[in-house]
Amino acid sequence: MISNRYFSQSCEMKPTNLPKQNPPLPAAGQPYLSVVAPVYNEVENVERLWDALYPVLQALNKPYEVILVDDGSRDGTREKLRELAARCPMLRVILFRANFGQSAAMAAGFEASRGDIVVAMDSDLQNDPTDIPLLLAKMAEGYDVVSGWRKDRKDKWLLRKVPSKIANRLICSITDVRLHDTGCSLKAFRGEILRRISLYGELHRFIPALTRMEGARITEMAVRHHARRFGQSKYNLSRTFRVIMDLTTLRLLMRHLRNPLSFYFQFAFWTMSGAVLCLAAGCYKVIHQHLPWSDLNILFTLIVLLTATSLQFVFLGLIGRIIVESGSRRTFYLKTPPVS
Amino acid sequence: MTPTKVKKSGSSEVSVIVAVQNQKEALAALHDQLLTLLQSGSRRFELIYVDDGSSDGTWGELARIQQTCSRVKAIRLRSSFGEASALDAGFRNSSGEVLVYFTCRVHVNPLHVIQLLSRIEQGYDVVVGRRTPRRDSRLNQLVSHLFNGLVNRISKTQLHDVNSGVLAARRVVLESVPFYGSLNPFLPVVAQRQGFKIVEEPVEQLTGRFNQSIYPKNYIKRMLDLISVLFLSRYSKKPLHFLGFVGVIFTLIGAAISLYLFIYRALGIGGISGKPMLLLGVLLLIIGIQMISIGLLGEIIIFTHADSIKEYNIEEILN
């Protein structure tokens, strides 16, 4: 019955080796796999994406769902998605009221996901859905996050590959998550961990680091990559500054979230040392070189300035401590429920 | 298209919220007008009067009106908390899917409420009243003109009277903009950014006695509001993107000055202790680093409260 409904309609692209069992019921209980892809102005790609995903997911023979989040497209993607969703019950579509950015789209998709395992990917067909079963196999080895690695990347060298390489180096060294290609969108996550992280601003670039903060075991796996055939790439280089600012934040959060005072204390220490040095220099000049105090105006102004700053840093750190203590963040996560 | 919602019995479709302060004489006439107007329409309505700490017996009048009509709710604040709070109190006690905010202060012809409602029915999410012609003082109009111009310039909206005090909006809008329910002049601006459809509707301002002193007195506060709304809508989840940018610029200038003076001193060209430039350099360095540190503190605040952050507004979920 149900299978007829699937095959009689046009979102099929029937694979011949499909197992003969009933396909899983949509939305009944918890699916095993959720595939989440943000969509923005991809009118030519959405249907192709579904056509490519469908046979792969169907062949898994496990309950699954696909969640496409439309981030306020204006090129007819929304109509296309409505049409697709009407005939494909495994496809859930979230339509945003306006364009809120990739992080927001992914956050909405992750929040709506119900699968034990969540696979995130791009909607531009550059990722290959046939890699999904391989990601799942890797997950079965006990990892919490499997990140794709576009070993053979099909993009413009100077505009995409080189900046991406540099960004990758930077992100890896600052966040301590060693991956060859953090920028690859094709990734598999344990749903329970993924749904715990909060994506806002532009944090979607640092999902592996955020899952690491939740205690995830992370690995990577080579995946296929195709050149973009339809639509336009939405990347540009102008966001470098914001990426650097986000990295600074992440560094602070990863190392000092438990006690921000320790972060601010570094600065307090150096400014206070400066003040002490200035004071020593002043005393030396007065005592040994017999200069009058009035000659040392600048030196004493410096001392005042540095001391004030140093104290400010200490107080900022204390405020940070208060904020963290008053928040509800947990400081550890259990791998399995407690054994009794 | 939209699924029909099962309504609780007694709930209304339209809530008209009227903020009242010291309007004892005008109240009865206003109520009669609003009541006839709303009764002539087919929509189920409720009329909510909020007394913002009046001292002239307005509450007695309100209580009397409330006795005469079952559609009327009367709310009395303990003391005067301001118009926005009064309207918010009304909003929290309302049940309508569409809300109309009506402030007595601006003295708009109540007949226009129906026009606002019909605009909502045409599919708009927010309808802002625009006072034409305006009957308040020239100074008021000038300040208002400049203010609206600035708001439009910065937020890329096309509004002429964000502060008219007359506004209709769907409940979903008021629930998803950050300033929950209160009639903030930036509500239309933020609503538009969230993807809601907003439109302006001319409303007629009546001549007569009304309180003109409120607007000019508050306009510095309004400017600060504008700055904070700008900052909040752009950077509220990423304080470091803004503070970091300014901080890095300060730090770089400060570092350049200090480096110059260091070289100057190291080459033995002359002493630097008499130079105020040294102070400037150090000051800029320190301010820059402090801005970055405060930005980071902001990031810590956001991150520790990240569970409750939702940066998007869902129009519809299919399947």
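Here is the naming used below: chain letters follow the sequence lines, and residue numbers restart at 1 for every chain. We use all heavy atoms of the structure for the numbers below, so side chains are in, but hydrogens, waters and symmetry mates are not.
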Per-residue contact mode, L283(B) against chain A (heavy atom under 4.5 angstrom) = both

inquiry  = Surrounding CZ of R130(B) (heavy atoms of other residues, nucleotides or ligands, distance under 6.0 Å), is the total greater than 12?
reply    = yes

query = Which pair of non-hydrogen atoms, one from L318(B) and one from L81(A), has the smallest distance, and what is that distance?
reply = CD1-O, 4.3 Å

Engaged part of L250(A) at the chain B interface, taking heavy atoms whose separation is under 4.5 Å = neither

query = Sub-3.5 Å donor-acceptor pair from the side chain of N319(B) to the main-chain atoms of A86(A), do we have one?
reply = no

request  = Please report the shortest heavy-atom distance between Y200(A) and A306(B), naming the atom on each side.
outcome  = CE2-CB, 3.7 Å

ask   = Is chain B contacted by the side chain of L203(A), its backbone, both, or neither, given a heavy-atom distance below 4.5 Å?
value = side chain

inquiry  = Can you tell me which portion of I197(A) sits under 4.5 Å from chain B's heavy atoms? Options are side chain, backbone, both or neither.
reply    = neither

ask   = Which value, rounded to the nearest 0.5 Å, describes the distance between S198(A) atom OG and E311(B) atom CD?
value = 10.5 Å

I286(B) side, atom CD1; L306(A) side, atom CG - distance, nearest 0.5 Å = 5.0 Å

task = Heavy-atom distances under 4.5 Å only: say whether E202(A) touches chain B with side chain, backbone, both or neither.
result = both

query = So do Y312(B) and V69(A) actually touch side chain to side chain, heavy atoms under 4.5 Å?
reply = no

key: Nearest-0.5 Å distance that lies between atom CD1 in I323(A) and atom CD in E299(B)   = 11.5 Å

message = Within the 4.5 Å heavy-atom criterion, are L95(A) and I314(B) side-chain neighbours or not?
response = no

request  = Quick one: sort the F245(B) and F241(A) rings into parallel, tilted or perpendicular, breaks at 30° and 60°.
outcome  = perpendicular

request  = Would you mind reporting whether V248(B) and M245(A) have side-chain heavy atoms less than 4.5 Å apart?
outcome  = yes

A98(A) backbone acceptor or donor facing Q194(B) side chain under 3.5 Å = no

query = Looking at H241(B), H305(B), Q290(B), which makes the most heavy-atom pairs under 4.5 Å with chain A?
reply = H241(B)

query = Any Lys/Arg nitrogen of R97(A) or E316(B) sitting under 4.0 Å from an Asp/Glu carboxylate oxygen of the other?
reply = no

query = What are the two closest non-hydrogen atoms of L297(B) and G320(A), and how far apart are they?
reply = CD1-CA, 3.4 Å

note = Honestly, the part of L316(A) sitting under 4.5 Å from a heavy atom of chain B is both

request  = Nearest 0.5 Å please: distance from the CZ atom of F263(A) over to the CG atom of L296(B).
outcome  = 5.0 Å

Within 6.0 angstrom of Y284(A) OH, more than 12 heavy atoms from elsewhere = no

task = Report yes if some heavy atom in the side chain of E315(B) is under 4.5 Å from a heavy atom in the side chain of I94(A); otherwise report no.
result = no

